[in-house]
Amino acid sequence: MTRTYTGPGECGGPEIDKKSVSSFFDKRAEKIESVGPLHAVIYQDKDSDLALNRDIAEKQKLLPLLQLSGSERLLDVGCGTGRWAQNLIPVTGNYYGIDACEGLVEYSRQHFSSENSSFFVASADDFSLHTLGVVEPFDRVLCAGVLIYLNDTELGNALRCIANAIAPGGLILLREPVGLGRRLTISEHFSEDMEQYYNAIYRTREELEAFIRTEMPAPNFRFVGAGDVYDDMALNNRSDTRQCWFLLERNR
């Protein structure tokens, strides 16, 4: 296991292995029956209260930011086990969920399919309206906890895919854990809590904002704001990372 810190002004950092990341999520899908659909994607396998409280707090903070009236077409990038689907399907005109893990998508499809929902196997860094079989761009895009599993090139691709999928006047809401003060890359870390190997890149808030502004530049996009997800900082549960949200609006 390696933990690599990259300080301000240093260029990038080590990459994480894509096959290992894919394998991680395949195993999370296999664990749904034993740990439950919430813990399968929040990961606190041995701390049920923390997982539940994080889920509640995140939705209380982020759902109002989406400004949903009930008619919007929404794309959930990284839908997982349908953690957000169960809240969003009743308050959107059409919900589309995508995830790179077939097992997670299949679970969501089985449990949350409805007349106004669709689920697809697609990677965050390689999708388009055409590959999803839709014509009109989306009014809202939500992407929660996905970008940390992408290397820098893949991150740029994912942000471009999202930018190309949103309609003028639409909102993009990103929720990501960020490194505090410096970038943290975790490679092949064995988590005792999950009993799995874990890989992720925790970019700093400033670094992630720079990526976002590059791929979603003004004047086509307006950076509406950013902030902490949890008012109770204890919910972050880590001393060197913090959950943040980023909201953008497409102007044209």
Side-chain angles (χ1 to χ4, degrees), residues 58-80 83-85 87-100 116-178 203-229 243-252:
E58 178 181 331
K59 290 173 179 175
Q60 287 178 340
K61 177 63 68 72
L62 300 190
L63 191 55
L65 296 175
L66 288 169
Q67 302 177 39
L68 297 172
S69 66
S71 62
E72 290 82 6
R73 299 172 68 254
L74 182 143
L75 176 64
D76 183 359
V77 179
C79 63
R83 184 171 72 89
W84 273 95
N87 297 87
L88 293 173
I89 290 173
V91 294
T92 53
N94 291 98
Y95 169 93
Y96 295 78
I98 68 171
D99 201 288
N116 69 320
S117 68
S118 301
F119 296 91
F120 305 89
V121 177
S123 175
D125 64 325
D126 187 20
F127 75 90
S128 66
L129 298 179
H130 176 73
T131 61
L132 299 182
V134 299
V135 176
E136 298 295 325
F138 295 94
D139 303 302
R140 302 287 187 272
V141 175
L142 170 67
C143 181
V146 175
L147 305 182
I148 61 169
Y149 303 111
L150 303 177
N151 291 307
D152 287 353
T153 299
E154 298 156 5
L155 170 61
N157 291 339
L159 293 173
R160 284 191 293 274
C161 288
I162 291 172
N164 291 333
I166 193 75
L171 295 174
I172 297 169
L173 179 58
L174 309 173
R175 191 276 293 161
E176 289 294 320
V178 300
R203 299 169 178 89
T204 65
R205 174 169 164 174
E206 295 76 16
E207 184 181 13
L208 188 52
E209 281 192 17
F211 271 101
I212 294 169
R213 292 179 187 276
T214 296
E215 303 302 340
M216 302 177 186
N220 292 342
F221 290 87
R222 180 172 71 93
F223 201 98
V224 178
D228 291 327
V229 173
Q243 296 283 349
C244 289
W245 59 265
F246 307 84
L247 184 66
L248 295 100
E249 180 181 21
R250 178 155 195 170
N251 293 323
R252 61 189 187 194

Would you call [X] and [Y] a side-chain contact if the rule is heavy atoms closer than 4.5 Å?
X	Y	value
L155	L208	yes
L129	N164	no
R140	Q67	yes
V134	N94	no
D152	R203	yes

Inter-residue atom distance [X].[atom1] - [Y].[atom2], 0.5 Å rounding:
X	Y	atom1	atom2	value
R160	T214	CZ	OG1	10.0 Å
L147	F246	CG	CZ	9.0 Å
F138	I166	CZ	CD1	9.0 Å
L66	T92	CG	OG1	10.0 Å
D76	D99	CG	CG	8.5 Å
L174	C244	CG	SG	11.5 Å

Legend entry - Whether E176 side chain and I148 backbone form a donor-acceptor pair below 3.5 Å: yes
Inset, instruction - Give a yes or no answer on whether the side chain of R175 reaches the backbone of Q243 with a donor-acceptor pair at less than 3.5 Å. - result: no
Legend entry - salt bridge (charged side-chain N to carboxylate O under 4.0 Å, His left out) assessment of D228 paired with K61: CA-CA 9 Å; D228 291 327; K61 177 63 68 72; over 6 Å; no
Inset, instruction - Run the salt-bridge test on E136 and R73 with the 4.0 Å N-O cut-off and return the result as yes or no. - result: no
Legend entry - Closest non-hydrogen atom pair, P219 against R252: CG-NH2, 3.0 Å
Inset, instruction - Of all the heavy-atom pairs spanning C161 and F127, show the shortest one and how long it is. - result: SG-O, 3.3 Å
Inset, instruction - Count the heavy atoms of every other residue, nucleotide or ligand shown that sit under 6.0 Å from CG of D126, and state whether that count exceeds 12. - result: no
Legend entry - Member of W84, F119, F120 meeting the ring pair (Phe, Tyr, Trp, His ring centres under 6.0 Å) criterion with Y95: F119
Legend entry - For L142, the option from L171, V77, L65, L173 that meets side chain to side chain contact (heavy atoms under 4.5 Å, CB included): L173
Inset, instruction - Report yes or no: do T153 and N151 form a side-chain donor-acceptor pair below 3.5 Å? - result: no
